[in-house]
Structures are given as C-alpha cells and as structure tokens.
Protein chains: 2
Amino acid sequence: MGTLSFIVVDDHPVFREGLVRLIGDRFEADVFEAGTMAELEQQLQQAASPDLLLLDVVFPGFEPLRDLPTLRHRLPMTAIITVSMVEDHSLIDAIMAEGVNGFITKSSPPEQMITAIEQVIEGDIVECRPALDLSSDNPQPNQLALLSPRQREVLEHICAGRSNKEIARELGVSPYTVRIHVSALLRTLGVRTRTSAATLATKSGIKAPS
Amino acid sequence: MGTLSFIVVDDHPVFREGLVRLIGDRFEADVFEAGTMAELEQQLQQAASPDLLLLDVVFPGFEPLRDLPTLRHRLPMTAIITVSMVEDHSLIDAIMAEGVNGFITKSSPPEQMITAIEQVIEGDIVECRPALDLSSDNPQPNQLALLSPRQREVLEHICAGRSNKEIARELGVSPYTVRIHVSALLRTLGVRTRTSAATLATKSGIKAPS
DNA sequence: GCCGCACTAGGGCGGATGTACTAGGTCATG
DNA sequence: CATGACCTAGTACATCCGCCCTAGTGCGGC
C-alpha cells in the first residue's frame, strides 16, 4: 500500500509526540496531530478520511460516550483506535461497543502498540486491556452504558452530592420519580448505596451535571 | 557544568520515551528510565545521586503521599520534579509540601517542561498548574490534606460505599464514633453529604481501603 | 394490537444519615 | 502544666434513603 494518513489526538503533547515518533519510525505515513476537538476538526479538513485515527479517550471538547458515535459515523472508512489510561473495564466495553477498531492502554509497551496498529490496519479488532485489573470488583459489563439517559442524568446529580429532592427540583419532576431512577440505577450498577454509585461513576469519568 | 544525570520515572512507555527524547535534545545528560518502583531502585544503584528525578506521581509500587517523604530523604541532593496529569490543586499542594522542587502537568507543552527543568536545575521551585481549573468549585486549599488520618481512613471507606455501621465494624470502633468522623470531615471538606465527599475524594485519587 | 421499556407519580416502612449536645481519654506543644 | 488536637462514646431528633407496592402515559418492535 502507498503512503498512509494518520491522525493522532491527545492533549498531552509529550505523549502525543512520543506516539507520532513511534509511528513515524515504523510506518510510511503522513501523521497529523491534534490536542483538542477543534484541532481535530481542522485536521479533518486536511485529511478528510484518514486511514487511522489514534484517539485519546478524553481530551478537551470530547466525551467518548457522547461523541464517539458521531465520529464513527463521520469516518466510516477510518480505523479508529482509542488510547487511554483508563482501566475501567466497563468503560472500555462501552467504547468498544461504539464500533471502534481497537483499544490500547497508555501503559502498553511501544512494540505492543505498533503490533496493535498493524493488526487494526489489516482489519482486525484489537483490545489491549490493562494487565493489572484494578476493577476486578465489578464483573458486570458496560455499567454506565447500561443506564437509561434519565438514569445517567440522575447519577450525575448524585455525584454532585444532591439529595433526591434537589434532583427532583432540578429535573422538574417529583421526588418519588427521582427515587425510582435511583433505585433502578443502583440495581443496574450492582451497588447498594448512592455513594457507591457516585464513586463508580466518578472513576468512570462521568461528566458533571449542568 | 559537566554531564548531568537524570532519571525519568513513568509507567507509560510512550510518554516516558517522549520525555527522554525531549531531554536528550536539550540537555547534555545521561538519562535513565524506570517504569516501576523496582526499576527505580535498580537505576538508583547505577546513579546513586542523580541531578534530576522526573517522577510520575502515580506508578506501580509508588504512592506519592506515602513514598515521597522517604524518597526526598534518600535523595537530598537531587532535584525532584513531579509530573502528573492530576488536576486536583489540593493534591498538588500536598505534593509540593513534601519538599519536591517542581510540579508539571502532563498536558504542558514541551517548551514549558524544558524551561521548568532548567529553572529547577538552577535551584528554583517551579509549579506548572493545569491551566483550565476544573476544580474551581472547591476554593479551599488542600482539602484531603486537611483531614486527620482517621478521617481520611473513614473517607476511604465512604468511597467504597460502606455505611457508618460497616465502617465501625471494620475499624473496630462504635458507629457513633464513625458518625463523628463523618460529620467532621464533611465540614472540613465543605460538603453536606457523604456522597459529595466520595466524589471529591475519588476525583482527588484517594486510594481504596484495605 | 400487544408487549416491553422508559418515564412519570404516589403510599408505607425500616433503617441510615447528619447535627447538636455532653464527656472521657491520649498526646504533643507551648 | 495547661491548652488544644485527635480519637473515643453516647443520647436525642429531624431528615433522608432505599425498598416494597400500585398505576398511568407514551413509544417502538414483533
């Protein structure tokens, strides 16, 4: 194949340059860089349909579970590999479910990253999960992705420490209804208290409520 | 000055190599690398008293607030710069209070990192705080560092979602006592519910209870 | 159309939470 | 030695939480 077109997106310049250099050493490719959603948009003007998108899971202007579907839809011919230091298997599951071609942890050795990129370019789906499973205490798949939009909304308010009554006022519904959502999301997440749910959601990088 | 001796410690190989390359381009120095506490020990056999230690705040085998004092004591002549993607100002405060010579966020541009390293080598204390202050909703300084050991211990259990009664059983004290600790730490953290405290502590990267 | 699901609303109940108060012990610091 | 901090233990009280139950609406799929 000829010269490839890669875009590397990460908001940590040193890590990004490490990746770019790594790729430059091994692939015959034009490599573009972006550190924010705005810069990614710019690069997509240059390279409308890159061969590979190496994407940090979180960077300014980007929420994976919110923006990945759009991105996936916009770049149907592009191999998307998410790169993250997140070690929450449920979040990784949710990301893989969005149809990306691969997931690599930032703690992976360079050789493993190269191998993963090669495999993805050849059409494989690759998952490099973190070796040490810190989240072995939550065997459930998907977690936050399993919640309904309303439940996720309520969960965000729980993380902000609001009471059911406050959440009810905020959402313009009855406290009884909030209670239903809370009970449901607790059951879905497999925890017994709102505090557990808050910790779990915060670890998974839930966004703060408006 | 002659050839310097640097040790770069970070468990993300790509980021670490980015740093090493960055340093190699700008300084006349022997650069050693480590990705774990064990590897750091090995490198300290080679270079017993390096001129500069670039230290990721969290990596396998290392807890900053636990291990930084020891490290600082062992390497009195070494300039220590902590590098982290943590954006919690209270944690940064706590780290600076351990007597390190500098703090840099991983999202800093390379040029800023070089400048900071140069300044630290010349004897300055440097702090590159994250530009976008995500924790602007907690104006209090230090936060977790303000808590007593017992309060922090209780807070860890709160993050695990345990009830006061469970925490009491775990710590071998009365539930009434646990309640006192909870009330006190809530007041200190400036929040009204244990759930808020859990979110705050989790964002600050509190460790899980044993 | 009927089924399943999400969202809405409510009653009742046992237990958990958080605050205010008092009060005893240890330990370091001045 | 006195002061203050931290940890301990308890009572009383109001509130909140989370579960149980029923029940209505709307929406998309088989």
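Chain identifiers are assigned alphabetically (A, B, ...) following the order of the sequence lines, protein sequences preceding nucleic acid strands; residue numbering begins at 1 within each chain.
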Enquirer: Taking atom P of C/dT17 as reference, at what distance in whole Å does atom CD1 of B/Ile158 sit?
Expert: 9 Å
Enquirer: Under 4.0 Å between a side-chain N or O of A/Ser148 and OP1 or OP2 of C/dC7?
Expert: yes
Enquirer: Looking at B/Phe32 versus B/Phe6, is the centre-to-centre ring distance below 6.0 Å?
Expert: no
Enquirer: Quick one: B/Leu171 CG to D/dA9 P, roughly how many Å, whole number?
Expert: 10 Å
Enquirer: Using the closest heavy atom to pick a nucleotide of DNA chain D for each, name whichever of A/Ser163 or A/Arg187 lands nearer the 5' end.
Expert: A/Ser163
Enquirer: Rounding to a whole Å, what distance do you find between B/Arg150:CZ and D/dT8:P?
Expert: 4 Å
Enquirer: Kindly point out which of C/dC7, D/dC17, C/dA16 is positioned nearest to the side chain of A/Asn164?
Expert: D/dC17
Enquirer: To the nearest 0.5 Å, what is the distance between CG (B/Asp51) and CD1 (B/Ile117)?
Expert: 12.5 Å
Enquirer: Going by the side-chain contact (heavy atoms from CB on, under 4.5 Å) test, name the single residue among B/Ile80, B/Asn101, B/Thr82, B/Val8 that passes it with B/Leu53.
Expert: B/Ile80
Enquirer: Would the distance check show the side chain of B/Gln151 and the main-chain N or O of B/Leu147 forming a donor-acceptor pair, the cut-off being under 3.5 Å?
Expert: no
Enquirer: Using whole Å, report how far CG of A/Leu185 lies from C1' of D/dC17.
Expert: 13 Å
Enquirer: For D/dC16, take OP1 and OP2 only and decide whether either is under 4.0 Å from a side-chain N or O of B/Thr193.
Expert: no
Enquirer: Of the candidate nucleotides C/dG18, C/dC7, D/dG18, which contains the atom at the shortest distance from the side chain of A/Leu186?
Expert: D/dG18
Enquirer: Provide, to the nearest angstrom, the distance between the CZ atom belonging to A/Arg162 and the C1' atom belonging to C/dG18.
Expert: 19 Å
Enquirer: Ion pair present between B/Arg192 and A/Glu166, side-chain N to carboxylate O less than 4.0 angstrom?
Expert: yes
Enquirer: Just compare C/dG11, D/dT11, C/dT17 and give me whichever is closest to any side-chain atom of A/Tyr176.
Expert: C/dG11
Enquirer: Mind checking if A/Thr177 touches a base, just sugar-phosphate, or nothing, with heavy atoms under 4.0 Å?
Expert: base
Enquirer: Below the 4.0 Å mark, does C/dT8 have OP1 or OP2 next to a side-chain nitrogen or oxygen of A/His181?
Expert: yes
Enquirer: Atom CD of A/Glu166 and atom C1' of C/dG18: how far apart are they, to the nearest Å?
Expert: 14 Å
Enquirer: Which whole-number value in Å describes the distance from A/Ile167 CD1 to C/dC7 P?
Expert: 14 Å
Enquirer: Go through D/dG10, C/dG18, C/dA16 for me and flag the one nearest to the B/Ile180 side chain.
Expert: D/dG10
Enquirer: So, is A/Arg192 close to the D/dG18 phosphate, meaning a side-chain N or O under 4.0 Å from OP1 or OP2?
Expert: no
Enquirer: Taking the minimum atom-to-atom distance to the side chain of B/Arg194, which one of C/dG18, C/dA6, D/dG18 wins?
Expert: C/dG18
Enquirer: Under the 3.5 Å rule, do the base of D/dT11 and the side chain of B/Arg179 count as making a donor-acceptor pair?
Expert: yes
Enquirer: Hey, is B/Lys106 close enough to A/Asp11 for a salt bridge, meaning N to O under 4.0 Å?
Expert: no
Enquirer: Closest approach to the side chain of A/Ser183, judged atom by atom: which nucleotide of C/dA9, D/dC19, D/dC17 is it?
Expert: D/dC19
Enquirer: Please give, in whole Å, the distance from C/dG18 P to B/Leu189 CG?
Expert: 12 Å
